[in-house]
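Since the structure is predicted, the reported quantities are computational estimates derived from the model, not experimental observations.
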Amino acid sequence: MQASAHRFRDVEHHPLLNESDGYNSAPSEVELTDKLWFIRDGCGMVCAVITWMLVFYADFVVTFVMLLPSRDFWYSVINGTMFNCLAVLALTSHLRTMLTDPGAVPKGNATKEYMESLQLKPGEVIYKCPKCCSIKPERAHHCSICKRCIRKMDHHCPWVNNCVGEKNQRFFVLFTMYIALISLHALVLCGFQLFTCVRGQWTDCSSFSPPVTVILMIFLCLEGLLFLTFTTVMFGTQIHSICNDETEIERLKSEKPTWERRLRWDGMRSVFGGQPSFLWINPFAGLQIRRFLRARKGGTEFSV
């Protein structure tokens with residue numbers, strides 16, 4: 001096999017190198033199941049912390065500035081429960097996106113022994129990444145931040161400090177959806193609160209002074225507008241990519257598909273799993289606490 005910095009032209013793909021394969025025969029892939037995935041990137045970690053801080057700020061303003069001082073008990077309970085549930089779902093989706101292996105190809109599996117075990121036929125062409133010395137499945141791309149080849153890599157997102165790939169795209173879609181929902185909810189509550197405060201001439205409107213209340217709500221409105229716009233666009237592009245069975249990298253590079261594209265619902269089922277159900281929008285689905293605790297004991301799979 002030639003070692004080149006660019007991809008070879010497709011002649012014929014070996015069955016073991018399709019994007020659906022998990023390289024179960026590679027020992028390093030088995031070891032990854034007992035390790036926690038985390039990327040040690042300074043910018044990504046800062047962005048992830050900022051994301052959590054902004055969600056906590058929104059929750060503080062909604063709960064303590066707008067809902068608790070309200071005289072309408074059921075208005076406060078219903079909106080407070082709804083907002084906090086959406087916030088928990090958003091942060092859970094963020095954690096699962098950040099701590100889930102996006103589909104990393106085992107490092108250094110392009111050894112002579114492994115190549116011989118593939119029993120390649122004359123004329124067969126496979127891909128080798130010269131940066132991480134791994135055999136690249138079809139549609140895999142190398143991430144310079146994760147320092148790994150990622151199967152069906154869509155993009156690297158600093159806000160979740162991870163690549164969005166084959167195994168964690170579902171959680172990223174849920175993260176963008178729930179952030180968009182809480183942003184919209186916060187904007188609606190801000191509008192209603194301002195209307196109520198102005199009509200009541202700021203009497204018993206909030207436990208904070210009117211200037212402080214206005215400043216906190218203005219910042220929340222700016223945050224809500226920014227995140228609502230950003231996450232709505234990201235959610236739409238992700239759904240479009242899933243339905244078209246095309247990653248963002250493949251779209252930007254205008255790569256001609258060498259794979260058989262899935263139909264729209266087949267693409268959705270492959271990402272979210274099974275038939276449409278409430279499990280599709282549940283970031284807790286498939287979470288195994290015992291495996292998570294075992295992964296902590298087994299160590300952490302870092303980007304280096």
Side-chain angles (χ1 to χ4, degrees), residues 20 22 33 36-37 48 51-52 54-56 58-59 62-63 67 74-103 151-152 154-155 157 159-189 224 227-248 261-295:
S20 60
T33 59
L36 185 65
W37 177 270
T51 301
W52 278 65
L54 290 174
V55 173
F56 286 142
D59 188 70
V62 168
T63 303
L67 296 182
W74 289 111
Y75 170 81
S76 300
V77 170
I78 293 174
N79 283 285
T81 302
M82 185 183 303
F83 188 89
N84 282 277
C85 285
L86 290 175
V88 169
L89 291 171
L91 294 178
T92 303
S93 301
H94 183 273
L95 271 180
R96 297 208 67 182
T97 306
M98 181 170 61
L99 300 179
T100 299
D101 177 2
R151 288 190 284 269
K152 289 185 67 175
D154 188 85
H155 68 286
C157 179
W159 296 104
V160 297
N161 190 33
N162 201 1
C163 275
V164 178
E166 184 178 68
K167 295 183 179 180
N168 67 345
Q169 187 175 25
R170 167 177 170 251
F171 303 122
F172 182 75
V173 173
L174 294 181
F175 168 67
T176 57
M177 182 183 74
Y178 286 124
I179 290 294
L181 288 176
I182 64 174
S183 299
L184 179 61
H185 193 189
L187 289 173
V188 172
L189 291 175
F227 274 84
L228 176 62
T229 303
F230 176 74
T231 54
T232 300
V233 171
M234 287 302 301
F235 177 79
T237 56
Q238 287 295 302
I239 296 298
H240 180 268
S241 297
I242 293 172
C243 291
N244 289 336
D245 195 15
E246 182 182 45
T247 66
E248 189 66 16
R261 285 187 170 178
R262 297 186 178 98
L263 300 176
R264 291 185 177 181
W265 277 111
D266 290 338
M268 293 290 289
R269 282 192 288 264
S270 68
V271 171
F272 291 92
Q275 297 298 323
S277 66
F278 284 109
L279 294 177
W280 279 22
I281 59 175
N282 180 14
F284 293 98
L287 181 62
Q288 299 179 359
I289 302 299
R290 291 182 179 178
R291 182 176 177 180
F292 176 78
L293 295 176
R294 187 174 70 247

What distance separates [X] [atom1] from [Y] [atom2], expressed to the nearest 0.5 Å?
X	Y	atom1	atom2	result
Thr92	Phe175	OG1	CZ	11.5 Å
Lys152	Ser270	NZ	OG	5.0 Å
Asn162	Thr97	CG	OG1	8.0 Å
Leu89	Asn84	CG	CG	11.0 Å
Asp154	Phe172	CG	CZ	7.5 Å
Met234	Ile239	CE	CD1	11.5 Å

Closest approach of [X] to [Y] (non-hydrogen atoms, all atoms of both residues):
X	Y	answer
Met98	Ala48	SD-CB, 4.0 Å
Leu279	Arg170	O-NH2, 2.8 Å
Cys163	Pro102	O-CB, 3.5 Å

| query | Are side-chain N/O atoms of Trp37 and Asn168 paired as donor and acceptor at under 3.5 Å? | reply |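 No, Asn168 and Trp37 have no side-chain donor paired with an acceptor closer than 3.5 Å.
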Would you say [X] and [Y] make side-chain contact, with heavy atoms under 4.5 Å?
X	Y	value
Phe83	Leu67	no
Val160	Phe171	no
Leu95	Leu91	no
Thr176	Gln238	no

| task | Would you mind listing every salt bridge (charged side-chain N to carboxylate O under 4.0 Å, His left out) that reaches into residues 269-287, with sequence neighbours excluded? | result |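 Only Asp266-Arg269 qualify under salt bridge (charged side-chain N to carboxylate O under 4.0 Å, His left out).
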N/O donor-acceptor pairs under 3.5 Å from side chains in residues 177-189, not counting sequence neighbours:
| residue | atom | partner | partner atom | Å |
| --- | --- | --- | --- | --- |
| Tyr178 | OH | Ile281 | O | 2.4 |
| Ser183 | OG | Ile179 | O | 2.7 |
| His185 | NE2 | Asn79 | OD1 | 3.0 |

| said: Under the criterion side chain to side chain contact (heavy atoms under 4.5 Å, CB included), I'd like the reasoning laid out for Trp280 against Val173: C-alpha separation, chi angles, the key distance, then a yes or no. | reply: CA-CA 10 Å; Trp280 279 22; Val173 173; over 6 Å; no
